[in-house]
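Below you'll find the structure, written out as structure tokens, and then a few comments.
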Amino acid sequence: MDLNRLDRVTETLWQIPPSGAMRVPGRLFANEELLRDMDDKVYEQVRHVASLPGIVGAALAMPDAHSGYGFPIGGVAAFDPDAGGILSAGGVGFDISCGVRTLHTGLKTLQLAEIRTALADRLGQKIPAGLGREGHLRLNTREIDAMLVGGARWAIEQGYGEAADLDRIEEGGVMTGADPDQVSTLAKTRQRGEMGTLGSGNHYLEVQRVAAIDDPVIASLYGLAEDDILVSLHCGSRGLGHQIGTDYLKRMLAEAPGHGLRLPDRELACAPLASDLGRAYLGALRAGINCALANRQILTHLTREVFAEIEPAARLSLLYDVSHNTCKEEEHAVEGRRRRLFVHRKGATRAYGPGHPSLPEALRPAGQPVIIGGSMGTSSYILAGRGAEQAFASACHGAGRRMSRQQAKRRWTGRAVIEELAGRSILIRSPTLSGIAEEAPGAYKDVEAVVTAAEVNGLAKKVARLEPLIVIKG
DNA sequence: ATGTCC
């Protein structure tokens with residue numbers, strides 16, 4: 001990105017002053033090196049988002065931002081329903097409510113040594129992964145609708161997990177306001193066999209060790225200590241979320257002229273919050289959120305079964321489950337006034353600060369766990385949210401791509417990546433090799449630089465750094 | 001991200 005077009009506010013905060021159709025400024029949270037390396041398209045996309053009706057404050061890009069469909073991935077934008085604000089399918093992303101759940105195992109690094117290969121093999125067998133891969137259960141129409149309303153609570157009622165899990169899931173495991181009637185039959189049909197599956201792309205299940213503690217006080221509140229073994233699951237709403245995105249993008253594009261919307265880019269198709277289409281998408285989006293929550297819950301159950309088989313001493317309990325592809329109705333202070341806003345976070349994580357009433361009691365003094373998945377073979381981070389209003393209580397979500405999937409495939413082979421990781425004692429289990437090349441660590445930004453930029457800007461605080469030991473990939 | 005184009 002050409003830095004000459006930006007105003008430098010601080011070392012790690014840059015501004016795009018409003019011009020043309022922009023209603024608010026654009027703000028990028030990143031250091032100079034991350035910004036120089038960032039796709040020029042991010043600049044254009046932030047400007048486009050800043051021109052949408054009802055946007056409040058600024059259009060934001062997190063330090064891991066890269067170009068996406070319409071909105072950048074790593075983008076945050078808040079809209080006021082009472083000021084003509086909109087909902088955008090491209091502002092949420094196709095993988096509705098994609099997110100990460102991290103579990104404690106109760107095990108330490110030394111206990112893992114002799115079971116590591118068996119654990120990798122068994123997880124690889126039991127966790128369905130890969131494009132179009134179906135899972136262990138098949139739902140009928142009525143069960144799909146119950147799942148879309150009940151989220152993780154539905155999954156627990158079906159026997160996948162424990163009631164205590166709900167406390168550690170965003171929204172208590174159930175997103176209210178879901179409307180299965182606004183989800184197409186095709187979307188539901190695609191999902192019938194895909195519950196409890198990982199999917200492909202950057203989705204994964206990792207067994208990790210806590211390699212370093214950055215904040216001992218918060219780590220202790222989170223129940224984290226050095227050499228603890230954790231499991232992290234990164235996945236979303238599979239075919240259902242993708243189909244909802246496709247369906248509503250088409251409708252939003254068709255109906256935009258009727259709503260008087262002039263779009264700077266057709267990929268920014270959207271609908272006013274105060275419209276039938278806006279309300280329909282909101283109901284479908286919330287159903288998609290429940291699908292992702294139920295999916296991660298079922299995968300948690302499968303993971304528990306594998307650990308129980310191989311190491312009966314293990315006890316898998318949730319640290320937290322948080323999405324990074326979503327739009328949520330939240331209250332935020334804007335220039336000293338509380339306003340009800342719809343915050344789009346696409347490749348960005350909610351990062352509520354200490355004391356936020358929606359956090360479980362045990363975590364409330366520390367702030368919300370913000371789970372940052374690194375690329376395959378590099379570190380992940382647990383951060384603590386700071387509730388920074390300049391970012392509508394948001395932070396980054398991962399390392400963020402620095403290279404397209406096509407570029408990555410030209411540069412690496414899956415086999416070479418697996419061998420390189422094996423050299424560092426990281427075990428990979430995946431049904432495909434081509435997917436591995438696309439996810440080569442070199443195709444991603446430096447996750448350490450990303451989380452540092454988030455921390456310096458006061459969005460979230462580093463708590464623990466995690467290193468992968470076993471990776472199950474789609 | 002995605003039965004990578006109904």
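Numbered from 1 within each chain, the chains take letters A, B, ... in sequence-line order.
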Check: residues 141-157 of chain A side-chain donor-acceptor pairs under 3.5 Å, at least two apart:
unit_1, atom_1, unit_2, atom_2, d
Glu143(A), OE1, Asn140(A), N, 2.8
Asp145(A), OD1, Lys188(A), NZ, 3.0

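- Backbone-only contact: Arg405(A) has heavy atoms under 4.0 Å from sugar-phosphate atoms and none from a base.
- Whole-Å rounding puts the Leu249(A) CG to dT4(B) P distance at 17 Å.
- Side-chain N/O atoms of His397(A) and His234(A) include no donor and acceptor closer than 3.5 Å.
- Among the atoms of the strands shown, base atoms are found under 4.0 Å from some heavy atom of Leu186(A).
- As judged by a 4.0 angstrom heavy-atom cut-off over every strand, Gly201(A) is placed among residues touching the sugar-phosphate backbone only.
- In this structure, Leu131(A) places its CG atom 11 Å from P of dC5(B), rounding to the nearest Å.
- Residue Asn295(A) contributes atom CG, which lies 10 Å from atom P of dT2(B) at whole-angstrom precision.
- In this structure, the salt bridge (charged side-chain N to carboxylate O under 4.0 Å, His left out) partners of Lys328(A), at least two apart in sequence or on a different chain, are Glu170(A), Glu171(A).
- At the heavy-atom level, Glu194(A) lies under 4.0 Å from the strands shown only through sugar-phosphate atoms.
- Across the protein-nucleic acid pair, Asp247(A) atom CG and dC5(B) atom P stand 16 Å apart, rounded to whole Å.
- A sub-4.0 Å separation between OP1 or OP2 of dT2(B) and a side-chain N or O of Ser200(A) is present.
- Comparing Lys250(A) and Gly199(A) by the nucleotide of DNA chain B whose heavy atom lies nearest to each, the residue mapping closer to the 5' end is Gly199(A).
- Computed from coordinates, the Asp95(A) CG to dT2(B) P distance equals 6 Å when rounded to whole Å.
- Across all strands, Ile96(A) comes closer than 4.0 Å to no nucleic acid atom at all (heavy-atom distances).
- The residue from Thr105(A), Leu224(A), Leu316(A) that alone fulfils the side chain to side chain contact (heavy atoms under 4.5 Å, CB included) condition with Leu230(A) is Leu224(A).
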